[in-house]
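To keep things clear, I will list the structure first and then write my remarks on it.
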Protein chains: 2
Amino acid sequence: MPNPPLRDREATRARLIAAVGNLLARKGFKALGVNAVAREAGVDKVLIYRYFGGLPQLIAAFGQEGDFWPSVSELTGGDPVAFGRLPLDERLRRLTRHFVAGIRRRPLTLEILAWETVERNELTAELEMIRENTHLRLTEMFFPAGAGGADLQAVLGLVGAGLSYLALRARDVQWYNGVDIQSEDGWRRIEAAVDQIVAGLLSSTPNRE
Amino acid sequence: MPNPPLRDREATRARLIAAVGNLLARKGFKALGVNAVAREAGVDKVLIYRYFGGLPQLIAAFGQEGDFWPSVSELTGGDPVAFGRLPLDERLRRLTRHFVAGIRRRPLTLEILAWETVERNELTAELEMIRENTHLRLTEMFFPAGAGGADLQAVLGLVGAGLSYLALRARDVQWYNGVDIQSEDGWRRIEAAVDQIVAGLLSSTPNRE
DNA sequence: AGAACATGTCACTTAATAGTGACATGTTTT
DNA sequence: AAAACATGTCACTATTAAGTGACATGTTCT
């Protein structure tokens, strides 16, 4: 027995938005079509056009839901002020740990990250912007230019890129350069590698606060 | 005036294989369908099934063409023996330079790298294997476990992943963590960042050959 | 020459997709 | 109650894709 129609615009909109998230998580972005989303939401597809204007706008609405990227607060461990008082090397180590945990626990984000490498759209542009902004604020707040005597922005960019990519690849692939990126052990090795990089960076130059 | 049919099986096979490469380079993997490849090759699509068995097998044949990843020789600068005699830090620096140059000058490889994040198929599996093998041989030949006192395998994996990802993203995006990855200047910053990482790694522990 | 085969063309089916116009049914306003 | 509107259903078009069976034409072997 089919449910009676809801006749509730806002609820239907919400179901469609939720359907995007569910489909993305379950089937990946390749399954994201007008038909599939409508089916997932249990709603006629014409309502996507009526209520959002089309799939791109629906995806944009989903993008507003947020929480696709670790926030500054999450990256600093909840207390930015206390974080700012830590020595530089400790700040960098914690940042890495929180970042790795933050992206690995967000399958949706990894999916969007993969999408990004392939296509530009409302969601991927949104994620790009959030990420670049977060990085910018972090850098300004906690890693002023010249700290540690190295080009921290470039190093953090490179390391962040590496961590993102490894998390991304770990969805399908077990080994990367001899590291088992699907095991917790492998990720401990990676985190330890970052620690070694940080330690080296700060020991080879005057360790300014 | 349409050309007369070739009636040359090998030539037709070759045209199909070439068409895969051209399409991939010009339109990306999303355009890679049976119809598109046949059109690009100027050949009837049924021949893809007859001569290869299907698109996957045609793509696999294309994968055998090779040169999708910097070889050991390319990464060491042409003379592995001389490379092996360099001090560790110099080896790492050169490796990075050659690797960055090697992937950035291969648009097709970047395309496949993007494809990899999204789908597993004959080509992406091939690239994965080549890459993992190359890394393995490099590690065995030039970076024995424990050299430098750090987990070099993990560090190289992380840095390699970061470089690959940045090269990949640079196809569509200009800024990554405040670095302009579409400019030569930006890439010099990234290479310099690797130098700093290498220098730090080896200075903080006994610099064993 | 004739049979067997290789090469290539063409027309078709099946399935999936994005998008739209016409309609039915319920709610609100007058 | 009647008109106007909102919500949702349904059926359809047009496009594209993968895959296949029947045929035409040229080559090779006997």
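Here is the naming used below: chain letters follow the sequence lines, and residue numbers restart at 1 for every chain. Worth saying up front: this structure is predicted, and the values here are computed from it rather than measured.
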For A:Val179 versus B:Ala154, what's the shortest heavy-atom pair and its separation? CG2-CA, 3.9 Å
Does B:Asp185 form a salt bridge (charged side-chain N to carboxylate O under 4.0 Å, His left out) with B:Arg189? I'd like the steps, not just the answer. CA-CA 6 Å; B:Asp185 246 50; B:Arg189 277 181 73 189; over 6 Å; no
If you compare every side-chain N and O of B:Thr12 against the phosphate oxygens of C:dG8 (OP1, OP2), does one of them come in below 4.0 Å? yes
Passes salt bridge (charged side-chain N to carboxylate O under 4.0 Å, His left out), A:Arg137 versus A:Glu140? Steps please. CA-CA 5 Å; A:Arg137 271 191 300 157; A:Glu140 279 175 359; over 6 Å; no
Atom CZ of A:Arg13 and atom C1' of D:dG8: how far apart are they, to the nearest Å? 16 Å
Whole-Å gap separating P (C:dG19) and CD (A:Gln57): 10 Å
Counting only side-chain nitrogens and oxygens, does B:Arg9 get under 4.0 Å of the OP1 or OP2 atom of C:dT7? yes
What are the residues of residues 22-41 of chain B, sorted by number, that bring a heavy atom to within less than 4.0 Å of DNA chain C? none
Partner residues of A:Trp115 under the ring-ring contact (aromatic ring centres under 6.0 Å, His included) criterion, sequence neighbours left out: A:Phe29
Protein proximity profile, nucleotides 20-30 of chain C - base contact B, sugar-phosphate-only contact S, no contact -, cut-off 4.0 Å on heavy atoms: BB---BB----
Kindly write out the residues that satisfy side-chain hydrogen bond (donor to acceptor under 3.5 Å, both in side chains) with A:Glu191, not counting sequence neighbours, or none if the list is empty. A:Arg97
Using 4.0 Å as the upper bound for N to carboxylate O, is an ion pair formed by B:Arg26 and B:Glu40? yes
Distance check needed: D:dG19 C1' versus B:Leu55 CG, whole Å only. 12 Å
Are OP1 or OP2 of C:dA6 and a side-chain N or O of B:Tyr51 less than 4.0 angstrom apart? no
Kindly determine whether B:Arg188 and B:Glu184 satisfy salt bridge (charged side-chain N to carboxylate O under 4.0 Å, His left out), including the steps that lead there. CA-CA 6 Å; B:Arg188 272 191 286 275; B:Glu184 289 313 306; 5.2 Å; no
Could you tell me the separation between the CG atom of A:Asp8 and the P atom of D:dA6, rounded to a whole number of Å? 15 Å
Take the protein atom CZ of B:Phe52 and the nucleotide atom P of C:dT7, then report the distance between them rounded to whole Å. 12 Å
Pairs in or reaching into residues 47-73 of chain A: which pass side chain to side chain donor-acceptor pair (under 3.5 Å), with residues at least two apart or in two chains? A:Asp67-A:Arg106
Applying side-chain contact (heavy atoms from CB on, under 4.5 Å), name anything that partners A:Arg105, two or more places apart in sequence or on another chain. A:Glu74, A:Ala101
